[in-house]
Amino acid sequence: MSLRNLRNEAILLIDKLLQERKIDGINYTLVEPPSNAFGELTSNIAFQLAQRFNSNPYLVAKDLVDSLLIQLSNQRSRESLLNTIDAHPSGHINFRADWNVYPKAIIGEILDDSYGKFDFGKGKSVIIEHTSVNPNKALHVGHLRNMIIGDVLFRILSAVNYDTSVFYYVDDSGLQVADIVVGFMNAGFPIDPPDPATKFDQYCGNEVYVKINDLYIKNPDLQQKRKSVLKSIEKGNSDLSRFAKDISLRVLRDQLKTCWSLKVRYDLLNFESDIVASKMWEKMFELLKNKGRAAYETEGKNKGCWVIRGSDGDDDKVLIRSDGTLTYVAKDMPYAAWKLGLFSDPFLYRVFSEQWDTSILWAATLDTTVGSHAKRQFGGAEIVINLIDSRQSRLQTIISSTLSAVVKFEKERYMHLSYEPVTLSSRTAKSLGIDIGNTSAHMSGRKGIYVGADQIMEILYKKAKEEIRSRHPIMTDSELSGISESLGRAAVRYNMIKQDLERPIVFDLEESLSLDGDSGPYLQYAFARSQRLLEKGELTHRTNSLANLLHEKESNLIRELSKMDLIIEQCSSQLNPKLMARYAHKLAVAFNLYYEKVPILKETSESLVSARLLLVKAFNIVMRLALNYLGIDPLNRM
RNA sequence: GGGUCCGUAGCGUAGUCAGGAUAUCGCAGCGGUCUUCGGAACCGCAGAUCGAGGGAUCGAAGCCCUCCGGAUCCGCCA
């Protein structure tokens, strides 16, 4: 808050001055300067004015600063954090805090019990749908990116007081599931994995799914089976459809184990079969027909299908196939309408499972005979965020624009949060026995080109374990494995979140093993250091010595600490989880520099020791928050 | 062909929306800190015509235009 307060103070002065001079329409910035030597905040307002009045930026800046300083001295209150304002020869106007009171203001508010409660979301409801892996295979590293972005977003939006629900969409009625069913029913795969230690999701994905796709090529009869299986799955209410549902659920349970092991959680599972059976599509279909959006083709390549007409040059999009089954688009539109609360809720909710954080994972169902239904309603959120990779952008646009053409809602409420997918580096692909030359390869479950999420986590845990053992020869096994899992999780989570969503991640096994540098464990290390200091030192709450924190490394750390509330506001309003990762890293760097250069417990002056410990405590509090938002465990030792 | 996105040191990456002060951080490389609160750290060196060209501007990595290179989508798969 303190940086925000300082900023507001400056804005107040500037706006008042502009008002007095009857200048409007100036869109100035007031931001962190490139170097601390320029103070806490800097503004480009002199450039803007110089442009408008065709004069020299520096002269404008000097003139402005003179007036601002007079105002400041007239208005300075006891709470005032602003010390001085100066005009830099370059034309920038720099604002400096009063460092007699600034450290105490910042650290004091962090140490206060009310710190860390943000309200930018103001109870607005938001649905985040992520992961949603087809229930016929285990998760691979590509899915990790989706899941972790989604989870960090959930943590941040919840922290700023959005009313969040996390959805996992289970496509249990698609072709992929039919493939597995054909594998079991018609191609002779045993239902249980030959090796009982194999996870069922991995067995289905690595064995059955990959091999059945080969068999289709050799055996056209199987293709026919596949079609008829899909049809009866979609029709429902048969032994075959129940068998398919059982298989999906069994895979899903194993997928969830992977998600939970990374400390990702969900609120609700939605099954496509239930969405189809809910008759919401029939309602949507009527709307589409009434508004002239759906058309029946009597000739051409889509003969016998219902389609949406493509707009400006795009091809038509099939809604209902010639065999009467629904495509993804057709299934997704009524579902979207339900999420937005545009359709009444056809579902009941049953307890599916308890999760690692003791929260309940619910499942939507149409079955009225199952007990323990939820009182709460899902669906009908003010904002719906669908986390899907960028390759689906076009399709998502078709869905949302068609939907908005037939039912009325504000388009911004339904968004596709897009990110670039994860590919495999050629080196890693080669290590899997796939030669793709010097480029990177897209992962494909069907072709068997992927690195499994469970496998990569195992390798990381093992690597972390070795590291820890070399540092702490004496440690109990349970502590050792607990910490190594925390480290592995931190490494993966940080890696998946730290760069821009619009940049693809080329996954390389070797590189992902690094626990140094700009990494999750680096953040944990800084936190653990602060934790050790607080354990050894004696924390007093004598805040009056805080004004002595004038070492350069101290003021830098204090500056970083003051930014949290502006950062989390930006993260949540822009749906940009990367910013939190960047901030956490900057914070850790500032602390490590402080730790290296300034003696804390070794300091001889008692009042300085307590002031420095308070600063360490403040860092500890802010860093713990940041780590929690990122889903990284704050470790006491590592 | 059309749509979307990306080109920043050997590699990866921040900054681009809201133009302004020495272009961020990491990996790899070289050298150092090691009787010092935990070396998963810290310090130093070296490494970038910000894809190319043009334009508007006092000022461009950022804005506009053209081009080049790459990714991806344009299924009765989801």
Side-chain angles (χ1 to χ4, degrees), chain A residues 27-29 31 33-35 37-38 42 44 46-48 50-51 54-57 88-92 94 132 134 169 171 173-176 272 297 301-307 310 312-315 317-329 331-332 388-395 397 418 420-421 423 439-440 442 446 464 467-468 470-472 487 498-506 508 511 514-526 528-529 532-533 536-537 574 578 582 585-586 588-589 592-593 595-603 609 612 616 637-638:
Chain A
N27 223 342
Y28 64 90
T29 59
V31 296
S35 154
F38 299 128
T42 186
N44 66 350
F47 296 109
Q48 310 260 335
Q51 195 157 41
N54 204 10
S55 52
N56 177 309
H88 190 269
S90 63
H92 294 88
N94 297 326
S132 304
N134 288 334
Y169 181 76
D171 179 7
S173 65
L175 267 177
Q176 293 86 342
E272 188 169 276
E297 294 287 58
K301 61 171 184 169
N302 293 332
K303 187 178 174 186
C305 299
W306 282 88
V307 301
D312 44 43
D314 281 347
D315 279 352
K317 198 80 211 158
V318 173
L319 285 170
I320 307 180
R321 301 183 188 103
S322 52
D323 66 1
T325 56
L326 303 179
T327 62
Y328 167 69
V329 179
K331 291 171 187 169
D332 207 49
I388 312 172
D389 84 45
S390 65
R391 290 173 296 185
Q392 277 212 37
S393 295
R394 169 175 290 225
L395 199 51
T397 309
S418 159
E420 288 293 318
T423 59
T439 58
S440 61
H442 274 277
R446 196 160 38 82
E467 286 283 331
I468 301 163
S470 71
R471 285 159 222 260
H472 306 279
L487 283 175
K498 74 172 175 180
Q499 72 249 52
D500 201 278
L501 298 184
E502 284 180 330
R503 208 179 264 281
I505 292 180
V506 178
D508 187 88
E511 275 173 32
S514 164
L515 307 176
D516 305 328
D518 186 11
S519 71
Y522 178 90
L523 308 183
Q524 290 175 306
Y525 183 64
R529 275 178 153 179
R532 303 295 274 177
L533 287 173
K536 288 184 184 171
Q574 299 180 1
K578 164 187 73 175
R582 294 275 152 211
H585 182 253
K586 272 187 92 173
V589 169
N592 275 335
L593 292 181
Y595 185 92
E596 297 281 345
K597 295 297 169 210
V598 182
I600 297 160
L601 299 177
K602 288 183 302 185
E603 169 60 43
V609 171
R612 286 179 180 165
V616 171
R637 60 190 299 219
M638 53 189 274

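On a predicted model such as this, the values are computed, not experimentally measured, just so you know. Lettering of chains follows the sequences in order, A, B, ..., and the numbering in each one begins at 1. In what follows, every heavy atom counts, from backbone to side chain, and hydrogens, waters and symmetry copies are set aside.
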Report task. Under 4.0 Å between any heavy atoms, over every strand shown, what does A:Arg529 touch: base, sugar-phosphate, or nothing? Just pick one. Result -> sugar-phosphate

Query - Phosphate-side-chain proximity, A:Tyr522 and B:C42, N/O vs OP1/OP2 below 4.0 Å - result: yes

Report summary line: CG (A:Leu515) and CE (A:Met638) are apart, to the nearest 0.5 Å, by 8.0 Å

Report summary line: side chain to side chain donor-acceptor pair (under 3.5 Å) filter on A:Asn302, not counting sequence neighbours, yields none

Query raised in the report: Hey, is the side chain of A:Tyr525 poking within less than 4.0 Å of OP1 or OP2 on B:G38, counting only N and O atoms?
Result: no

Query raised in the report: What is the distance, rounded to the nearest whole Å, between atom CG of A:Asp389 and atom P of B:U4?
Result: 18 Å

Report task. Round to the nearest Å and state the distance from A:Gln48 atom CD to B:G19 atom C1'. Result -> 9 Å

Report summary line: Stems field, RNA chain B, Watson-Crick or wobble, 3.5 Å, at least 3 pairs, by first number, holds B:1-7 with B:68-74, B:10-12 with B:25-27, B:29-33 with B:41-45, B:51-55 with B:63-67

Requested in this report: Side chain of A:Tyr595 only, please: which of B:A21, B:C37, B:C42 is the nearest?
Outcome: B:C37

Query raised in the report: Between B:G26 and A:Lys498, is there an OP1 or OP2 to side-chain N/O distance shorter than 4.0 Å?
Result: no

**Report entry** Any A:His585 side-chain nitrogen or oxygen under 4.0 Å from OP1 or OP2 of B:G26
**Finding:** no

Query raised in the report: Does a side-chain N or O from A:Lys586 land closer than 4.0 Å to OP1 or OP2 of B:G15, or not?
Result: no

Report summary line: From CG of A:Leu515 across to C1' of B:A41 the rounded distance in Å is 14 Å

Query raised in the report: Once you round it to whole Å, what is the distance between C1' of B:C63 and CD of A:Gln51?
Result: 12 Å

Report task. Could you check how far CD of A:Glu420 sits from C1' of B:G7, rounded to whole Å? Result -> 13 Å

Report task. For the side chain of A:Arg503, starting at C-beta, report the closest nucleotide among B:G38, B:A21, B:C6. Result -> B:C6

Query raised in the report: Taking the side chain of A:Arg637 as its heavy atoms from C-beta onward, which of B:G38, B:C37, B:A41 lies nearest to it?
Result: B:G38

Query raised in the report: Which whole-number value in Å describes the distance from A:Ile505 CD1 to B:U72 P?
Result: 16 Å

Query raised in the report: Which letter, B, S or -, goes with each nucleotide of nucleotides 73-78 of chain B from 5' to 3', with contact meaning a protein heavy atom under 4.0 Å?
Result: SSSBSB

Report task. In whole angstrom, give the distance that lies between atom CZ of A:Arg532 and atom P of B:G39. Result -> 12 Å

Query raised in the report: Nearest nucleotide by nearest heavy atom, which residue falls closer to the 5' end of RNA chain B, A:Phe47 or A:Asp516?
Result: A:Phe47

Requested in this report: For A:Glu502 and B:U13, give me the distance from atom CD to atom P, rounded to whole Å.
Outcome: 13 Å

**Report entry** Side chain A:Thr42 and base B:A21 donor-acceptor under 3.5 Å
**Finding:** yes

Query raised in the report: Using a cut-off of 4.0 Å on non-hydrogen atoms, how would the nucleic acid contact of A:Val616 be classed: base, sugar-phosphate, or nothing?
Result: nothing

Query raised in the report: Which listed nucleotide (B:C42, B:A14, B:U22) is nearest to the side chain of A:Asp500?
Result: B:A14

